[in-house]
**Q** 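Got a structure here, written out as structure tokens. Questions coming.
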Amino acid sequence: MPPATLNLETLTIAEARSAVLSGSVTASALAAQHYDRIAAVDPQINSFLALTRDRAILQAAKVDQAVKSGDTSTLGPLAGVPIGIKDVLVMQSAPSTAGSLILKGYHPPYDATAVAKLEAAGAILLGKLNCDEFAMGSSNENSAYGPVHNPRALDRVPGGSSGGSAASVAAGLCVASLGTDTGGSIRQPAAFCGVVGVLPTYGRVSRYGLIAFASSLDRVGPFTRSVADAATMLEVLAGPDTLDATASTQPVASYATDAAKPVAGLKIGVPEEYFGEGLNPEIRAAIEKSLDALKAQGCSIHKVSLPHTKYAVPTYYVICTAEASSNLSRMDGVRFGLRSEHSNTLANMYRESRDEGFGPEVKRRILLGTYVLSAGYYDAYYRKAQQVRTLLTRDFLTAFAEVDAIVCPVTPTPPWKLGEKTDDPIQMYLEDIYSVAASLAGICGISVPCGTTADGLPIGVQILAKHFDESTMFRVGSAIESAQQF
Ligand code: GLN
């Protein structure tokens, strides 16, 4: 029987898994169809940095063997599902560059926990996905391996830093992907590319094997084509890990079951600070429609205030650069990747390797971070930022005493043209205005497609919920999704 031809652009995890289990397509054929599509489409998008074909073929053969033997009881919830991995997560023997030249040639000897968990659940890992260098950016133009193009409008950015993860799912190159979100890097590219993206609560998913950007903010999460798929993925990814002391031991809920529960009776908060000047009117209108859909399903809508929101962007850029400057000190030309050939002393080798290996945005952040941590400025910048971080967290806790979830925009604008903001880092940083406060507070969030602009550019709505309340976040996300007509 020839393999079934599935629509790779719309295929969901649930559909892919059941097609493989029913035998209408083999996992091997499904992986091959995706590789063919990557070869045909990705030259225009640039989302994959490396393909891990050998590993995918082996894993697919294992799944196919189980299906053939008739014993599918061992097959996990992602059996046969082709998935891509952001290049900041390590995969044994596959190149892991984090989008940087300094890690060119680095082949890690182990798997990140999130990667290992996906494979244990039956996923077929297709390859490594392009991203901003060390996950620093909002447009995926900071990758040393070229920008990613938005599949919905090739002359526009896909968002960042997980631009490759969002674009690959949107373009039908993998059914789902892993990204990371430090200050918006899952939610924002999901919104820009018209897919679902989840920021799990800090500590919900292990960070073991994640090349660190800012350790107190970094989270690993999924990109998918539906809220139900995102819930399935998070159920696989979440949970404690002996290799990461910050991975929480809180029990993992049945997200997929909870996502389908009705929302009637839930209280939804709308923060006035997220609807002020600078919000694109088409985005505002799309969010208002989402709120109407929730009302129609029995939610009540309440105004809430997050009064310290205006400090979120500067606070985030002080804390993340401080942590980045410390984390990136391990990139010294000795242990991983690139070593400069233009030096004759040890000190010069460190300096030259870092100079040749890091791109301009990473250098800017190392300088900033070193400055805010320096003896004379620590109290004025770093300590102050930590204090404001507490205030931002309290804003959310106060709001969540009144409401079950918060609904707001993900981004102030639709995706912009490639090159439009690259000369003005402050403009770029301001794009993170609606995403960074939740990052600093450690709460969970999801970006769900909620419409398009008159030009056909995707719009996302952000749903935030309190720490470890992913169930409510998914429920509200599903309710908004079910009201959409695409
Ligand atoms: N745009 C933000 C930054 O450049 C967020 C990045 C991220 O979440 N990794 O820091």
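The structure presented is a predicted model; accordingly, all values stated were derived computationally and were not measured. In listed order, ligands and their atoms are each counted from 1.
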**Q** Got a salt bridge between Arg37 and Glu9, using NZ or NE/NH1/NH2 to carboxylate O under 4.0 Å?
**A** yes

**Q** Is Met136 close to ligand 1, meaning an N/O of one under 3.5 Å from an N/O of the other?
**A**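 No.
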
**Q** What class does the angle between the rings of Phe192 and Trp416 fall in, given that below 30° is parallel, 30 to 60° is tilted and above 60° is perpendicular?
**A** perpendicular

**Q** Give yes or no for whether the N/O distance cutoff of 3.5 Å, strictly under, is met between Asp432 and ligand 1.
**A** yes

**Q** With a 4.0 Å cut-off on N to O distance, would you call Lys363 and Asp355 a salt bridge?
**A** yes

**Q** Below 3.5 Å, N or O to N or O, backbone or side chain included: is there any such pair between Gly184 and ligand 1?
**A** yes

**Q** For Gly160, is at least one N or O under 3.5 Å away from an N or O on ligand 1?
**A** no

**Q** Among Tyr381, Tyr371, Tyr429, Tyr382, find the one that has a ring pair (Phe, Tyr, Trp, His ring centres under 6.0 Å) with Tyr317.
**A**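 Of Tyr381, Tyr371, Tyr429, Tyr382, ring pair (Phe, Tyr, Trp, His ring centres under 6.0 Å) with Tyr317 is met by Tyr429 alone.
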
**Q** Can you confirm, on distance only, whether ligand 1 has an N/O atom lying under 3.5 Å from any N/O atom belonging to Thr180?
**A** no

**Q** So, is Phe213 polar-close to ligand 1, with some N/O to N/O distance under 3.5 Å?
**A** no

**Q** If I compare all heavy atoms of Glu235 with all of Ala253, which pair ends up nearest, and what's the gap?
**A**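 Looking at all heavy atoms of both residues, the closest pair is CG-O, 3.6 Å.
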
**Q** Considering only the protein, which heavy-atom contact is closest to atom 3 (C) of ligand 1, and what is its distance?
**A** Tyr317 OH, 3.3 Å

